[in-house]
Structure formats: structure tokens, C-alpha cells
Number of protein chains: 2
Amino acid sequence: MRADAARNRERVLATARLAAAEGDLSLQLNDIARRAGVGVGTVYRHFPTRRALLEGLAEETFAALLAQVRAASRRDDAWLGVADLLRALLVRQLTDPAFAEVISTGPDLDAAPATTAHRDAFDALARSVLQRARDEGLLRPGLTDEDLRHLVCGTAFALRIGDASAERIDRYLEVLLSGLQANTRG
Amino acid sequence: MRADAARNRERVLATARLAAAEGDLSLQLNDIARRAGVGVGTVYRHFPTRRALLEGLAEETFAALLAQVRAASRRDDAWLGVADLLRALLVRQLTDPAFAEVISTGPDLDAAPATTAHRDAFDALARSVLQRARDEGLLRPGLTDEDLRHLVCGTAFALRIGDASAERIDRYLEVLLSGLQANTRG
DNA sequence: CTTGAATCGGATAAATCATCCGTTTACTGC
DNA sequence: GCAGTAAACGGATGATTTATCCGATTCAAG
């Protein structure tokens with residue numbers, strides 16, 4: 001990749017990240033181009049769609065999440081591993097709305113290779129974490145790893161409705177975790 | 001309200017409902033106008049924004065939900081009342097995406113009076129249903145009625161990610177209900 | 001330094017949004 | 001009925017947003 005191309009790509013990403021941080025998730029490509037001081041064509045070349053730009057923004061977060069989940073998968077206590085996984089996936093979404101939007105939709109056919117790779121890596125890790133909990137009879141039967149991901153995305157959505165506070169995050173996480181647990185009562 | 005105005009309002013709503021049923025939730029007002037055979041101005045007069053149109057679409061569903069929740073509030077078993085309330089709120093969202101969008105956002109300042117009224121009525125009913133469960137010690141402490149609404153919206157969101165099937169709805173509802181229940185284990 | 005392939009920029013065509021106002025229509029009082 | 005009036009209509013149109021295309025420019029390899 002040519003040096004100027006790489007530089008511009010970064011510039012665009014930085015500008016988009018700034019816009020997102022300011023609460024503007026519309027990510028209008030013409031607008032981003034103007035703000036980044038590059039031509040519209042340049043933005044469209046690197047990121048043909050709003051979605052592509054979102055994936056670019058989410059990449060870092062995705063990588064950081066993977067590291068956390070790897071750690072969670074190495075915990076002694078299987079259930080705490082699940083709890084860590086869920087919390088990490090939840091908090092990352094609350095911290096990075098672009099990531100939330102990317103992870104909350106089915107795998108995209110023409111997603112960036114990096115996104116697909118991250119997704120696959122995450123799925124594999126999640127599967128193993130859950131399988132361990134399942135083997136130990138801690139997880140409510142019938143739940144797939146997809147269910148888990150969807151439910152966490154739903155919880156993130158629920159939290160985004162009101163105002164985010166650490167207490168609310170904890171509360172909703174407890175509800176979710178408790179609901180996922182195998183019910184050992186009658 | 002003049003007769004022609006009422007007629008046109010209905011025409012627009014019917015057309016929008018049709019579009020929504022076809023899966024097009026973008027509700028472009030110019031487009032709706034063309035399809036409904038009325039002028040753009042007419043649409044904008046009745047529904048100044050996409051949001052206003054959404055609220056118009058959601059009205060019927062909202063009313064139907066209220067009836068269901070009223071029934072739920074009269075159940076003998078307090079916990080089953082909660083279960084009915086949650087299921088009704090969830091299924092209505094899955095059935096009517098416009099309603100889902102309306103209920104999933106904070107009360108709008110310039111919402112249609114009908115929407116505000118429905119919202120208030122729902123909130124009051126939900127509060128009473130929950131209070132009863134709370135009084136009987138069935139509900140996890142610390143949960144507000146807002147939390148409940150948000151969590152159900154989140155569950156609807158989770159279900160919309162994948163493909164809807166009755167089994168999945170039941171599964172996610174069970175997870176949620178179980179998580180909301182007071183935890184009587186250690 | 002030359003060459004040519006990759007990249008750039010931004011003019012502009014296409015699509016979408018929302019207003020405004022001259023014309024038409026429904027209701028009211030007679 | 002009919003006239004008068006206020007309300008509603010329609011759609012032309014200006015403003016905004018989206019996305020493409022291609023002549024000009026820049027990079028890097030030899």
C-alpha cells in the first residue's frame with residue numbers, strides 16, 4: 001500500500017473517530033472528507049460505505065476485546081469465565097458505538113477481511129468458554145453461543161436507552177447472568 | 001377535523017403500514033406521498049417527521065397492548081402477571097417494528113398526544129403489576145419499572161438480530177424472566 | 001531521472017428532504 | 001341552496017445529501 005494512501009486512510013479514520021466521539025454517528029462520508037481535509041473520492045476509495053468505515057473504527061476495539069476474552073477463557077472458574085466474557089462484550093459496546101453496531105448485525109457478506117477474522121476468532125473463543133460452563137452443568141441448557149452474543153447485544157441496547165451508569169450496567173449484567181445460569185431450583 | 005383531512009390521514013397511514021409490512025421502515029415521506037396518491041405537503045402536514053408517522057403507525061398496537069396488560073394486571077398469580085406483561089410487550093414489538101421503535105426510545109418531548117397518553121397508561125399499569133410482584137418478594141430487588149421496559153426492548157432487539165422463531169422467543173423470555181426473579185438461592 | 005501505475009481531489013449528476021404558496025375543497029350561517 | 005371563509009391540498013422548487021468519474025498529481029521502482 002502506497003504511503004500516501006495509508007496516511008490518508010488513517011486521517012479519515014481519526015476524523016471519523018473524532019466525529020463519533022462527539023456523538024455524531026451518522027458518519028456522512030462527504031462530511032468526514034471535508035473535516036479530514038481529503039477529497040471525497042479518497043474517502044469513498046478507502047471506505048465505500050458507511051458500514052465499511054464503521055468496521056474500520058471497530059477494528060481496534062475488536063482486537064482489545066479478543067485479548068480480554070482470551071484471558072477469560074483461561075480462568076479457573078468456568079462460570080467466572082462466562083461472566084468476564086459477557087461483561088467485556090457488553091462494556092466494549094457501550095464504550096464504542098461503532099463496535100456495537102458492527103457486532104450487533106449478522107456477519108456481513110462483504111465485510112472487511114479483518115472484521116471477518118476478528119469475528120471468527122471471537123466466536124471460537126466464546127464457543128470454548130461456553131462449552132466449559134456447559135460441561136460443568138452451569139449453563140441453562142438449550143442456549144447456543146449465538147444466543148449469548150445476541151442477548152449481550154440486546155442488553156447493550158437496553159442500556160443505551162436510558163443513561164449509562166455503572167450501577168445500571170451491573171444490575172442488567174446480573175439479571176442476564178442469573179438468567180443464563182442453569183436453574184437448580186425445582 | 002375536516003373530512004378530507006381525516007381521509008387523507010388514513011390513506012397515508014395505510015400506505016405507510018403497507019410499506020412497513022413490505023420491510024421498508026425508512027418511511028420516506030415523499031415516497032409515501034407518491035404511493036398514497038396525495039401531495040407531499042399533505043403528508044408533511046399530518047406527519048411532520050418520520051417519527052410522527054411512526055407514532056401514528058404504532059397507535060393501534062399500543063392500544064392493543066394496553067388491553068393485554070390490563071388483563072395481565074388482573075391475574076391471580078402476581079408472577080404470571082409479570083410474565084404476561086413481558087411477553088405481550090415483547091411480542092408486540094416483534095410484530096410491529098414501528099411500535100418497537102417508538103417504545104424503545106425515551107418519551108419524546110413533542111410526541112403526539114395519543115402516544116404520550118398511551119405511554120403514561122402503560123407505565124401506570126406496569127408499575128402496579130410490578131409492585132404486586134415486588135410486595136410478594138418475587139422480584140429481584142433494585143429493579144425499577146423502567147429497567148423492565150428497557151430490558152424487554154433489549155430482548156426484542158436481540159431477537160431481531162437473528163431470525164425469529166417461536167422457540168427463540170420462548171427461550172429468551174425464559175432467560176429474562178428467570179433473571180428478573182428474586183434469587184432465592186444462597 | 002523517467003516511467004507508469006496508483007492515488008488524489010473535487011466538480012457534478014443523482015437522489016432525497018422539506019417548505020411555501022396559489023388553488024381547491026369542505027363546512028358554517030343564512 | 002348559496003356565499004363566504006378558513007382549512008386543506010398539491011406539487012414545483014430550493015436545499016441538502018449521496019456517490020461517481022476522470023483529469024491532475026504523487027509515489028516508488030528501475
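Protein chains get the first letters and strands the later ones, always in sequence-line order, with residue 1 at the start of each.
- Salt-bridge formation is not detected for the pair A/Arg7/A/Asp4: no Lys NZ or Arg NE/NH1/NH2 atom is positioned less than 4.0 Å from an Asp or Glu carboxylate oxygen.
- Between A/Ser26 and A/Gly41, the residue anchored nearer the 5' end of DNA chain D, judged by the nucleotide with its closest heavy atom, is A/Ser26.
- Counted by atom type alone, B/Arg51 and B/Thr105 present one or more donor-acceptor pairs between their side chains at under 3.5 Å.
- Judged by distance alone, with hydrogens and angles left aside, the side-chain atoms of A/Ser128 form a donor-acceptor pair with the main-chain N or O of A/Leu125 at under 3.5 Å.
- At a cut-off of 3.5 angstrom, counting only N and O atoms as typed in the model, there is no donor on one side facing an acceptor on the other between the side-chain of B/Arg2 and the base of D/dA8.
- If you check D/dA28, D/dA8, C/dC27 against the side chain of B/Ala3, the one that comes closest is C/dC27.
- To the nearest 0.5 Å, the span separating CG on B/Asp84 from CZ on B/Arg75 amounts to 4.5 Å.
- Taking the side chain of A/Val38 as heavy atoms from C-beta on, and the options D/dC9, D/dC27, C/dG9, the nearest nucleotide is C/dG9.
- When heavy atoms are screened at a 4.0 angstrom cut-off, A/Asp4 is found touching the sugar-phosphate backbone but no base atom.
- Between the A/Asp147 side chain and the A/Thr144 main chain, a donor and an acceptor come within less than 3.5 Å of each other.
- Spacing between atom CG of B/Leu29 and atom C1' of D/dG11 amounts to 15 Å, rounded to whole angstrom units.
- A sub-4.0 Å separation between OP1 or OP2 of D/dC9 and a side-chain N or O of B/Asn8 is present.
- Ranked by how close their nearest DNA chain C nucleotide is to the 5' end, A/Met1 and B/Asn30 are led by A/Met1.
- In this structure, A/Arg160 CZ and B/Ser104 OG are separated by 11.0 Å, a value rounded to the nearest 0.5 Å.
- Going from atom CZ of B/Arg34 over to atom C1' of C/dT16 covers 12 Å, rounded to whole Å.
- To the nearest angstrom, P of D/dA19 lies 13 Å from CD1 of A/Ile32.
- Atom-to-atom, CG of B/Asp31 to C1' of D/dG11 comes out at 15 Å; the value is rounded to the nearest Å.
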>> I'd like to know whether A/Gln28 forms a side-chain hydrogen bond (donor to acceptor under 3.5 Å, both in side chains) with A/Arg50, so could you lay out the CA-CA distance, the side-chain angles of the two residues, the decisive distance to 0.1 Å, and finally the verdict.
In response: CA-CA 7 Å; A/Gln28 305 181 0; A/Arg50 174 176 174 278; over 6 Å; no
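- Shown for residues 42-55 of chain A: residues whose heavy atoms fall under 4.0 angstrom of DNA chain C, namely A/Thr42, A/Arg45, A/His46.
- Closest to the A/Gln28 side chain, of the nucleotides C/dT16, D/dT17, C/dT25, is D/dT17.
- Between D/dC27, C/dC8, C/dA18, one nucleotide has an atom nearer to the side chain of B/Val40 than all others, and that is C/dA18.
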